[in-house]
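Only one structure is covered here, and it is reproduced in the block below.
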Amino acid sequence: MDVNALYQDIILEHYRAKSNSGLREPYQAEVHHVNPSCGDELTLRVNLDGDQVVDVSYLGEGCSISQASTSIMTELVIGHGLAHGLELYEEFKEMMHGQGKVELDEDRFEDAIAFHGVAKFPARVKCALLGWSAFADAAHQATEGQGADR
Amino acid sequence: MDVNALYQDIILEHYRAKSNSGLREPYQAEVHHVNPSCGDELTLRVNLDGDQVVDVSYLGEGCSISQASTSIMTELVIGHGLAHGLELYEEFKEMMHGQGKVELDEDRFEDAIAFHGVAKFPARVKCALLGWSAFADAAHQATEGQGADR
Amino acid sequence: MTPVAAPFDVARVREDFPILAREYAPGKPITYLDSGNTSQKPRQVVDAIADHYLQHNANVARAMHLLGAEATEAYENARAKVAGFIGANRPEEVVFVGNASAGLNLAAHTLGAGLGPGDEIVISVMEHHSNIVPWQMLAERTGATLRWFDITDEGRLDLSDESLINERTKIVSVTWVSNVLGTVNPIAGIAERAHAFGATVVVDASQGVPHLPTDVSALGVDLFVFTSHKMLGPTGLGVVWGRYDLLAELPPFLGGGEMIEVVRMTGSTYAAPPARFEAGTPPIVQAVGLGAAVDYLSAIGMPAIAEREHQLVEYALAGLATVPGLRLLGPTTSHNRGGALAFRIDDIHPHDVSQLLDSRGIAIRGGHHCARPLHERLGVQSSSRASVYLYNTEAEIDTLVDALNWTTDFFKGR
Amino acid sequence: MTPVAAPFDVARVREDFPILAREYAPGKPITYLDSGNTSQKPRQVVDAIADHYLQHNANVARAMHLLGAEATEAYENARAKVAGFIGANRPEEVVFVGNASAGLNLAAHTLGAGLGPGDEIVISVMEHHSNIVPWQMLAERTGATLRWFDITDEGRLDLSDESLINERTKIVSVTWVSNVLGTVNPIAGIAERAHAFGATVVVDASQGVPHLPTDVSALGVDLFVFTSHKMLGPTGLGVVWGRYDLLAELPPFLGGGEMIEVVRMTGSTYAAPPARFEAGTPPIVQAVGLGAAVDYLSAIGMPAIAEREHQLVEYALAGLATVPGLRLLGPTTSHNRGGALAFRIDDIHPHDVSQLLDSRGIAIRGGHHCARPLHERLGVQSSSRASVYLYNTEAEIDTLVDALNWTTDFFKGR
Ligand SMILES: Cc1ncc(COP(=O)(O)O)c(C=O)c1O
Ligand SMILES: Cc1ncc(COP(=O)(O)O)c(C=O)c1O
């Protein structure tokens with residue numbers, strides 16, 4: 001097992017200097033996700049304006065893979081349409097479950113293509129998806145909340 | 001395994017024509033003993049007069065070994081001192097756990113010596129002891145009751 | 001070593017079960033007719049267990065290393081195999097527990113948490129103690145009422161009392177196949193009636209899954225419990241299948257490691273099914289063994305096994321009918337009938353029957369087979385029971401019938 | 001194949017564990033330092049399991065035939081061996097359950113049946129989730145209050161709060177040896193204090209019995225729970241030892257076959273211990289396997305094993321102290337200390353440590369090790385844990401220390 005394939009420089013850079021870390025106001029939904037096998041926990045907030053993702057903020061402690069993935073995810077989804085963010089999530093998930101056989105489009109996924117190597121380590125797939133699934137969950141709750149407001 | 005050693009004629013005779021079977025009055029104590037592995041159940045009553053065993057009666061359904069043993073037990077203890085009956089129980093128990101190595105005295109145990117062969121069948125030891133231990137239990141309860149009366 | 005394929009070749013099957021060649025006296029092999037109690041294990045299952053312990057052993061889920069990954073994969077593969085074998089929609093519907101009894105207690109504790117006086121639980125008089133006592137204890141804890149399906153004279157479930165299942169009914173728990181009478185119960189119909197009143201349906205499938213093709217979706221039930229050791233698998237393992245939606249709603253039963261989400265000093269939250277119901281280190285290697293058993297059964301094919309057992313039961317019913325003084329408990333034809341053949345012989349106690357048969361190396365069971373209420377209902381204190389599985393032969397049935405005739409002579413002639 | 005005798009010959013011991021020769025890359029054997037999670041199994045244990053399945057398999061207690069008698073004898077012999085191994089007064093004090101978690105739930109349900117508001121249960125902040133969640137659930141069911149022993153800065157149980165155990169205390173349940181800190185707790189003293197107030201004392205001995213000579217009588221406790229898979233035995237088996245007088249008083253927990261005396265439609269009566277607590281077909285072959293494990297451990301001798309592990313822990317403590325940025329959780333000396341060696345490395349998450357070590361074939365555990373409250377108390381979210389057993393060597397510790405240094409470089413250098 002080649003750990004260099006797993007720990008791409010981009011991943012370690014994001015791990016050392018996480019983007020958008022720290023909880024911020026305002027937000028419509030906050031979720032708490034857990035990876036019980038390693039104990040990683042993540043609190044994540046989403047602030048939507050209609051179908052635009054205005055902000056995603058989070059507080060988490062976890063391994064380099066989960067932290068870097070969450071950091072990169074926020075860069076990819078903030079300031080874009082929610083539908084776009086959820087689409088990225090689906091594609092990212094598919095790639096992560098593809099055991100290295102599925103490729104991501106660098107133009108759309110930017111730093112996240114570094115996770116291609118992680119897909120070959122089944123035990124780490126959950127780590128890489130923790131932030132993404134928390135985002136999808138929070139966004140879902142936020143839209144339900146908006147629906148109720150109308 | 002020689003089943004003829006187990007099923008002595010005396011045992012089958014007692015099984016077919018049980019002595020002292022059927023519940024009778026009066027009695028000081030009644031017990032219900034069970035052999036959960038085969039489901040055999042035995043209700044047994046003891047009637048004491050001071051330290052004399054006046055009557056032992058019972059209602060039970062069970063295999064030839066348990067029924068014959070109970071039948072023979074009643075013949076040996078009715079009309080004798082309680083201490084004698086309990087002594088016989090202890091000796092009988094020791095023989096049954098002796099795997100065929102312990103002998104009983106024919107003068108004192110009469111038909112019960114037929115159970116010597118049963119001691120070589122560990123699965124049947126419980127059957128042979130069911131009536132005896134019910135007797136000892138009932139006698140114990142009856143003496144406690146007498147003690148309380150005084 | 002792949003197991004035999006159809007057409008059914010019992011001699012080839014028997015080669016996989018070395019214990020069937022054991023001798024009770026020089027040159028005389030045993031006759032094992034006690035599979036309703038526990039089945040024998042093929043070499044393939046035992047090899048899978050040994051190989052796992054000696055080459056892949058580690059704890060699951062929480063181990064982040066080579067052996068841990070292998071063990072986790074083996075355990076979860078076993079879950080998927082079992083799910084496939086019973087027609088579950090997804091592996092997460094399969095929960096591993098200690099045995100069928102533990103599974104039925106899990107059902108009683110989780111389904112019963114909200115019961116109270118006025119609520120009714122319906123079971124049947126033909127249940128195994130493991131599908132009686134947990135519900136008696138639940139009724140005692142909650143004040144709910146326990147009600148019972150009776151049986152007909154033929155030994156079938158008596159469905160004539162239309163009022164037994166009603167708007168007060170919260171849980172119906174019945175056996176698929178009786179371990180004494182052999183009766184196969186019409187589960188789908190009972191489930192439909194129970195669901196019409198909003199009741200939850202639990203099935204004790206301990207004597208069903210080992211012998212019949214199983215499709216939990218087609219049966220239309222809610223919880224479905226069976227046990228590894230009766231289907232060529234290891235001891236120490238039971239299975240609870242549940243509709244995922246239902247499992248996701250149920251509270252946990254046993255607390256501990258791995259069934260949690262977050263444990264705080266102030267309280268804990270619980271994992272999603274199946275983990276929620278698997279506290280502590282699960283029966284990992286037992287699951288791997290059951291996976292191998294399921295592979296073995298599937299390679300032969302459950303339809304072929306059921307068909308073969310049907311033949312054997314017909315043969316046995318005909319043979320037993322020739323024994324003087326023998327009275328069968330349960331249906332006397334092979335229609336909707338499993339391989340449990342319980343009987344009484346006039347004036348000979350089952351314990352004595354077993355003893356005589358054992359002296360000829362024949363293994364059957366005597367007693368109430370953990371179904372005392374059924375025996376009371378039938379007016380007998382106990383019975384003898386022969387039971388067959390895929391590895392049994394007509395010759396073994398002949399051996400049984402001969403020995404029963406000899407037994408009758410032995411006791412009559414004395 | 002008798003196992004080695006003293007003086008301790010680790011090379012000879014390792015020959016009995018084929019898995020230790022597994023390679024993660026050609027020519028490179030794995031380094032298994034995760035025995036606190038689950039232990040490896042010697043050939044003797046695996047052979048005993050295979051031999052039982054292939055030659056003596058049958059159900060126990062209720063089978064009246066050759067194989068049934070052999071299986072029953074094997075199962076009850078295993079009970080007697082385990083009783084002897086832990087210094088029980090009689091085999092009937094040993095109850096077989098599914099794992100340690102099941103045993104602790106049994107304790108909570110049976111001891112807790114009569115609790116109510118105002119009653120107190122005392123556990124400690126260093127407990128495994130399996131000795132926390134069952135008591136949290138019990139407190140929720142009954143309204144009793146859960147109270148906690150804290151730990152000292154050194155990672156020992158903090159016994160300074162004299163009022164923690166008082167006249168309201170009904171149950172005290174603590175671990176003998178911490179699975180994270182390694183701390184060996186002064187059980188006898190705690191039991192004495194609890195008994196002075198009439199409380200019942202439960203011990204989670206899961207990390208004790210595998211490593212230390214055990215004498216339940218000397219410890220003076222009431223219930224004592226441990227798990228087979230951490231002491232060379234099979235998965236799917238836990239043990240509850242209880243004082244016979246106490247067991248005889250306790251209500252049953254799980255209902256089903258074999259735990260009953262008489263089952264009637266109107267209610268049931270229950271068997272004497274241990275049967276009362278063993279509903280359904282027990283983990284027969286798992287018990288046989290644990291019996292073989294106990295024979296293996298006894299042949300070497302638990303004092304010799306404890307002494308050997310003490311040496312290894314001293315060696316490992318010295319080695320770990322040389323790794324830059326490594327902080328040990330728990331006592332830093334080997335005094336009253338078991339073989340769990342949990343640590344943090346600055347700025348490297350335990351999951352990443354495990355990954356790097358795994359790339360060199362080294363198996364340790366990362367996470368909260370089912371002890372989240374303890375980690376919260378220590379102010380860390382998770383940790384890495386190496387743990388040793390009788391088959392580990394000084395060379396393996398060196399391999400670990402080297403790999404940790406490389407890990408630090410790997411993350412620092414990038
Ligand atoms: C201290 C302690 N208690 C309890 C347990 C639970 O044991 P099991 O997983 O066998 O239920 C463990 C092991 O995981 C443990 O280390
Ligand atoms: C119909 C039925 N239900 C439940 C059980 C209990 O299974 P286990 O002993 O594995 O708990 C059995 C077997 O003993 C059975 O035949």
Side-chain angles (χ1 to χ4, degrees), chain C residues 18-19 22 24 30 34 37-38 40-41 46 49-50 53-55 57-59 62-67 98-102 105 128-130 132-134 136-137 148 229 234-237 254-257 260 263 265 267-268 279-281 283-286 354 358 363 365-367 370 372-373, chain D residues 18-19 22 24 30 34 37-38 40-41 46 49-50 53-55 57-59 62-67 98-102 105 128-130 132-134 136-137 148 229 234-237 254-257 260 263 265 267-268 279-281 283-286 354 358 363 365-367 370 372-373:
Chain C
I19 202 170
R22 269 225 34 198
Y24 69 97
I30 58 165
D34 198 20
N37 203 350
T38 198
Q40 295 304 339
K41 323 301 172 199
V46 178
I49 294 167
Y53 277 130
L54 295 176
Q55 294 298 327
N57 178 68
N59 214 323
R62 42 200 175 175
M64 300 161 191
H65 46 66
L66 178 70
L67 296 179
N99 55 19
S101 305
N105 279 276
H128 186 281
H129 291 166
S130 293
I132 296 176
V133 183
Q136 285 184 329
M137 293 169 89
W148 305 68
H229 69 91
T235 59
L237 180 66
L254 303 184
I260 53 87
V263 176
M265 288 176 70
S268 300
T281 301
I284 304 167
V285 190
Q286 289 69 42
S354 291
D358 183 43
R365 187 169 170 189
C370 297
R372 191 180 176 283
Chain D
I19 203 169
R22 268 222 38 195
Y24 69 98
I30 59 165
D34 198 19
N37 203 350
T38 199
Q40 295 303 340
K41 322 301 173 198
V46 179
I49 293 168
Y53 278 130
L54 296 176
Q55 295 298 328
N57 177 69
N59 214 324
R62 41 200 176 176
M64 298 160 192
H65 47 67
L66 178 71
L67 296 179
N99 56 18
S101 305
N105 280 274
H128 186 281
H129 291 165
S130 294
I132 296 175
V133 184
Q136 286 185 328
M137 294 169 90
W148 305 67
H229 69 90
T235 58
L237 180 67
L254 303 184
I260 52 89
V263 176
M265 288 175 70
S268 300
T281 302
I284 303 167
V285 190
Q286 290 70 41
S354 291
D358 182 43
R365 187 168 171 190
C370 297
R372 191 181 176 283

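Proteins get letters first, then strands, A, B, ... in listed order; numbering begins at 1 in each. Treat the numbers as computed from the prediction; the structure is a model and nothing was measured.
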- Measure across D/N59 and C/T38 and return the closest heavy-atom pair with its distance rounded to 0.1 Å. N-CG2, 3.3 Å

- Task: Taking side chain to side chain contact (heavy atoms under 4.5 Å, CB included) as the test, write out the residues that go with C/T235, two or more places apart.
- Result: C/H229, D/Y53, D/I284, D/V285, D/Q286

- Query: chain D heavy atoms under 4.5 Å from C/N57: which part of the residue, side chain, backbone, both or neither?
  - Reply: both

- Tell me, for C/M137 versus chain D, whether the close heavy atoms (under 4.5 Å) come from the side chain, the backbone, both or neither. side chain

- Any residue meeting side chain to side chain contact (heavy atoms under 4.5 Å, CB included) with D/I30, in chain and number order, not counting sequence neighbours: C/L66, C/L67, D/R22, D/Y24

- Task: Pick one of side chain, backbone, both or neither for C/Q40, based on which atoms fall under 4.5 Å of a heavy atom in chain D.
- Result: both

- Query: Any idea which of C/N105, C/I260, C/V133 has the most non-hydrogen atom pairs under 4.5 angstrom with chain D?
  - Reply: C/N105

- Task: Against chain D, label C/I132 side chain, backbone, both or neither, depending on which of its atoms sit under 4.5 Å from a heavy atom there.
- Result: side chain

- Counting distance only, does the side-chain N/O of C/H65 pair as donor-acceptor with the main-chain N or O of D/S354 below 3.5 Å? no

- Query: Is chain C contacted by the side chain of D/V263, its backbone, both, or neither, given a heavy-atom distance below 4.5 Å?
  - Reply: both

- chain C interface, residue from D/S130, D/G98, D/A102 that has the most non-hydrogen pairs under 4.5 Å: D/S130

- When the 4.5 angstrom heavy-atom criterion is applied to D/A100 and chain C, the contacting part is neither

- Heavy-atom contact with chain D under 4.5 Å, split by part of C/A50: both

